[in-house]
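Okay, structure first, notes after.
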Amino acid sequence: MAELEAVIGLEIHVQLATKTKMFCGCELSFGDEPNVHTCPICLAHPGVLPVPNEQAIRYALQIGLALECEIAPWSIFHRKNYFYPDSPKAYQISQYDIPICGAGRLGDVRIHRAHLEEDAAKTIHVGESGRIHGSAASLVDFNRGGTPLVEIVTEPDLRDAAEAAEWARLLRETVRQLGVSDVNMEEGSLRVDANVSVRPAGSSELGTKTELKNMNSFRFLQRGIEAELARQRALIESGGEVEQETLHFDPASGSLTSLRSKEEAHDYRYFPEPDLVPLAPTEEMLREAREALPELPAARIKRYESELGLSQDVSQTLATDPRTAGYFESTVEAADGVEPRVLANWVTGELAAALRQAEVEGGAADSRVSPPALATLVSMVQEKKISHGSAKTVLTAMVTDGGDPAEIVEREGLAQMSDSGELEAIVEKAMVDNPDAVEKIREGNGKAIGAIVGAVMRETKGRADGGEVNRIIREKL
Amino acid sequence: MADITDLTVLEAHNAKMAGELSAQEHSEAWFEAAAGDDLNAYLWRNDRGAEAAAIEVQQDWNAPIAVKDIFTTEGVPTTAASRILEGYRPPYTATAVAKLIEAGLPILGKTNMDEFAMGSSNENSAYGPVLNPWDRERVPGGSSGGSAAVVAGGLAPWAIGTDTGGSIRQPAAFCGIVGLKPTYGAISRYGMIAFASSLDQCGPLTRTVSDAALLLAMLQGRDPLDSTSVGIEGGVSLPDRENLAGLRFGVPAELARDAVDASVREVFERTLEKIEALGGEVVEVSLPNAEHGISAYYVIAPAEASSNLARYDGVRYGMRAGGDGDLTEMYEKTRSEGFGAEVKRRIMLGTYALSSGYYEAYYGQAQKVRTRIAEDFKGAFSAVDFVVTPTAPSVPFKLGEKTDDPLAMYLNDFFTVPMSLAGIPAISIPAGLAEPEGGGPQLPVGFQIAAPAFAEQKLLDAAYALEQGIGFDARPEGVGGADG
Amino acid sequence: MIDRDQVLHVAKLSRLRLSEEEVERMVGELSGVLEHVDRIGNLDLEEVEPTSHVVALENVLRADEPWQSLPRDVALASAPEPSEGAFRVPSPQAE
C-alpha cells in the first residue's frame, strides 16, 4: 500500500484584548462572578442593535498585516444562524464570504483568511456528573458572550503533528508581540483546532478531513493530531473510509471522541447582517496599523539569516523572543571587529549553558551579563588575550556577580600567557617530565600530545593558548 | 372635554402659546379620553403611577402620545402583541421613545398591533383585534392598527408606529388619518423590536400633515446605538406651501390594477384632478419591476424575521413553556405556544428562503429585484418630483374577511411595499370617503405620495398643500365635534 | 411546491413544533405563497447586484470605551429560571 502522507490545516481563534466587547460597551471579564458584564445588547433583548468596536477592527488589521494578508478594501458581516443557549441572538455575527483579511503567509504556512466575529457565552453543565452527558441542566453566563475574536484559517500546508505544534507556537508568539491578545491557551484567549486528513504520498487530491477540537496546549495539540493521524491510517489500511466528523481529544486517556452532529445543525443559513454597514479600511487606518507593528519573529529571522549571515537554527533561537533578540543586537552594537555569527554562537551556546548551570531564571536579557561585557569578553578571546577556557571561567563569574571581564581577568590572573619565552620553558619542562609521552609522539601516536598539553595547562592554570602549546611541542620534537 | 381633544397638536400648541390652554389641561383631557378605549386599541394605559416611573416626563409641556407596543419602554410591559413576551418589562427604553420623553411628551399608553408587526389588519394580535372607529365591524389596517385607531378614534392626539411594508400608511388610510414612513435610516431603530431589519422604520400617525412634521422633527436623527441611522440632513420644519405649481406627479403604469376597488379608484382619480387644480402636473411613469414588489418583500421580510425572532427561545426573558423536556423540547414548545399562526408562517417561509439550496433562488433573487425596484424609482424621479398611488387596493374590509387566505392578505401591501424596498419616504393622506358595498358607514380612502430618499421636507410641503386643497375633515361618527 | 417533508425539516430548523393539522395547513399556505413568489425566478437578473445594504454608509464604529453594564439582578429580572446568578436551561439531549 502506498505510503500515506498527513495533510493538516489549523483554525485558530484569537480573543482580542480590547477594553470592551465586539458589539457593545460591556467590559471584558476575567474570571468574574457570572453575568456581571452584560447589557441589553449582549443579552439579545428585543430591539437591540450591534455597533462594532473600533479597536477590534484595528487589531484585526494588525493581525492581517502581520500575517502578510491581503486586506479586503470592502468587507461585510454575516449572520450565522443556530440555536444554542450560549448564543443569545440565536445567530452569531461573523464574516462569511467577504472577510476583512484574505490570503497571507507566516513562515512556511499559507494563511487562507482571517475574519472578525463575536464569542459565545459560557455554558456550565450541572447535574450528576457535571459533564454534558447525563447532566440535568445548564447554567449560562453571558460575561464572555460578545468578546471580539479573530478567526485565522490556514491552508492545509502542514505535514506532521510536530510541525503543526511548532507553527502554532510561532503564530502565538507573533500575535503576542502585536499586543492585541493574551493568546493564552489555558485561559482560552487562544484556541487551536486542527483539520486532519491523509492521502497517498505525492497525490494532489485531498482526503476526507476530520476536525479536532478542545486541545488547550501545544503539547496536546501535537498529541491529538498524532492520535488522529494514527487512527486514520489504521482505518484506511484496514480497508475503511474516513468519515467527516468533529472529534474531541482527551489528553488524559489519549482517546478521540466523536461528536457526530445532526445534519441540520450545519445549515447556518448565512445572510448579510442588515444591522451593520460594510467595513472599508481607510488609508489612515492601514497606515496606523502598519506603524503599530513591531518587527515580528518571521521578519527578524529572515534578517538575521540574510544580513547577519546566521544559520536558520541560530536565527530562530535568537529571533523568536524579542528580548533575546534585543540582547543579541545590543551585543553586536557594542562589539568592535567581532562577527555577529561569533557573538550569536556565544549567546546561544556558552552563555545559555552558563545560565543553565547556575540555574538562573529567564534568558540572556535577564542575566547579569551585560551586552557590552559579553562583547568585550568575546573580543578578548578573539584577540587571544585570554583562552576560550579562561573566558568560560570569566563568564561563570559574570553570571553570578556581573562585572567587567577585563577586571575579572586582571583580578584572577587569567590573562593568556603571551610571553612565549615563559611558555617555552614550561613546555620544555613538561616534555622532560613526560618522556613516555614524548616517545609515543615520536613513534607516530599523535594523541599522546594530550598528556603534555594537559601538563602545560595545569602549570599555567589554563592561561596558555592550546593551539600555541601544540605548536611549541611540535617544534621541539 | 370634547373641545380640547378636537384640537390637532399644532392647534393645541398655538392655544398654549396664546395662553388659552395649559399643558396640564391638555394632558389631562387626553388621559381621560384614552381611558374610554372601546376599540381594544391600547394594550397598556399609563396610570402615571410608580410602574411608569422610568418613562415619565420631567414636565408635561408637550402633547401626550400613544406608542405602538413594538417600542421598548423601561419597566413598562412591552409585548409586540405576542404571548411570547407576555409580562415582559424591558430594562431599557427605545431611542425614539426616549427622545419624545425628553421633549416632554407624556406616554398615554402602548397600542395594539399585529403580532411582531406581521399583518395588514391587526387581526394577528394575541390580545384580540383592534376595531376601526369608522365601523367597528371592520379592520383598522395593520400592523400599526392600534396607533391608527387611537388617533382616528379620539383616544390620542398623535401616535408613533412602524412601517415595514406599509404598516403605517395602510392603517392610516383605513382610519382616515395621516401616516408617514420616512426614508430608511431617518429615525433610530434602537429599541424597535425587529421584524425585518432592512425595512423597518418608525413613523408618525397624526390627524394632519403639520402634526406629522412636528413629530418627525423630534424623532429624526443619527443614533450612535444604531449604525444604520443617519437622520435627515437639515432637519424638518412645519410645511408651508400654498399650491402645487411647478411640481410633477408620476402615476406608475404598472401599478394600475384591476383589483383596485372601484370606489378607491374613483377617489384616486378625483385626487389627481385636485392636484392639477392646484397647479401640479400629472404624468405617467414606468416602474417596470414594482409589480414584483410583493414577491420580493415576502421573501426578504420573512427571511430577516426568521432570524430576528430566533432569540425568542425562553432562555433569558419572556415566556418559557412548562414541562421537563430537554433543551430542544423547551425551544419547540415555547415557540410553538408563544407565537401565533401568522408569525409561524413567516418564520417558516423565511427559514425556507434562507436554507441550504434555496438561498440563491429566493433570498438572492429577491434582493436583486429590490435593486431593480430602487433603480426604477431613481429613474422615475429624474422625470417627476413624486410618485403617487392609492395607498390600499380597497376600503377597510370586514373582520375575518381575509384571514383564511394569507396571500390575499399579503396583496393588501401591493402599493406600499415597493417604497419600503427602495427605502424611500412615503406618506398617506386621507383623500375622500367611499360607500362600501352592501351599505354601512362611509369609509376613508388614502392617497399615497412617495418622494426620493431624504426629501421629507419636499414631501411634507406637497402633502400639506394637497391636504389643504382636499379639505378632508370627516371623522368617525361620535368622535369629536364632527357630524361624521 | 413545498411538500410535507420539507415543512417538517424547516420546522425543525426553526425550532417550531407543528401539530399534524398545522403541518397540513402549512403545506397548502406556504405553497400558495411560494407559487406567487416564484415569479421572480423567471426574471433575468444575471447582471444585477443584490441589495445587501440600504444606506450608503461605511465604517460606522464605536470607540472602545466601557459603559455601565446592567446590575446582575436587573439582568436576571426577566429570566424565566434564574439560578446561582445565571440563566438556567434544560440540558441538550445526550447524543
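So that the names make sense, note that chain A is the first sequence line, chain B the second, and so on, each numbered from 1.
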For chain B, which of [options] has the most heavy-atom pairs under 4.5 Å?
options                            : result
C:Val37, C:Leu43, C:Thr51          : C:Thr51
C:Val54, C:Asp38, C:Val48, C:Val60 : C:Val48
C:Ser14, C:Ser52, C:Gly32          : C:Ser14
C:Val7, C:Val55, C:Ile40           : C:Ile40
C:Arg39, C:His53, C:Gln6           : C:Gln6

Pick one of side chain, backbone, both or neither for [X], based on which atoms fall under 4.5 Å of a heavy atom in chain B.
X       : value
C:Arg88 : backbone
C:Leu57 : side chain
C:Glu58 : neither
C:Glu22 : side chain
C:Val89 : both

Measure distances from [X] to the heavy atoms of chain C and classify the residue's part below 4.5 Å as side chain, backbone, both or neither.
X        : result
B:Val315 : both
B:Tyr358 : side chain
B:Thr334 : neither
B:Arg346 : neither
B:Tyr297 : neither
B:Ala453 : neither
B:Glu329 : both
B:Met348 : both

What pair of heavy atoms forms the shortest contact from [X] to [Y], and how long is it?
X        : Y        : result
B:Thr371 : C:Pro50  : OG1-C, 3.6 Å
B:Ala426 : B:Met419 : CB-CG, 4.1 Å
C:Asp44  : B:Arg372 : O-NH1, 4.1 Å
B:Glu115 : B:Phe339 : OE2-CA, 3.5 Å
B:Leu354 : B:Ser306 : CD1-OG, 3.9 Å
B:Gly165 : B:Ser420 : CA-OG, 3.4 Å

For the candidates [options], which exhibits the highest count of non-hydrogen atom pairs separated by less than 4.5 Å from chain C?
options                                : answer
B:Arg370, B:Arg316, B:Glu375           : B:Arg316
B:Pro224, B:Gly318, B:Gly325, B:Ser336 : B:Ser336
B:Tyr363, B:Tyr410, B:Tyr184, B:Tyr352 : B:Tyr352

task = For the pair B:Lys402 and B:Glu123, evaluate salt bridge (Lys or Arg N to Asp or Glu O under 4.0 Å) and give the outcome as yes or no after the intermediate values.
result = CA-CA 10 Å; B:Lys402 302 205 177 174; B:Glu123 293 174 285; over 6 Å; no
message = Show, in sequence, the C-alpha distance, side-chain angles and deciding distance for B:Ser120 and B:Asn412, and conclude whether the side-chain hydrogen bond (donor to acceptor under 3.5 Å, both in side chains) test is met.
response = CA-CA 7 Å; B:Ser120 312; B:Asn412 268 300; 5.0 Å; no
request  = Go through the steps to decide whether C:Lys12 and B:Glu332 satisfy the test salt bridge (Lys or Arg N to Asp or Glu O under 4.0 Å), and finish with yes or no.
outcome  = CA-CA 8 Å; C:Lys12 196 117 201 91; B:Glu332 289 180 354; 3.1 Å; yes
query = Do the side chain of B:Arg335 and the main chain of B:Tyr312 share a donor and acceptor less than 3.5 angstrom apart?
reply = yes
key: Ring centres under 6.0 angstrom apart (B:Tyr92, B:Tyr190)   = yes
task = Begin from the C-alpha positions of B:Leu421 and B:Leu199 and carry the test side chain to side chain contact (heavy atoms under 4.5 Å, CB included) through to its verdict.
result = CA-CA 7 Å; B:Leu421 290 168; B:Leu199 296 158; 4.1 Å; yes
ask   = Taking the six-membered ring for Trp, are B:Tyr88 and B:Tyr317 parallel (under 30°), tilted (30 to 60°) or perpendicular (over 60°)?
value = tilted
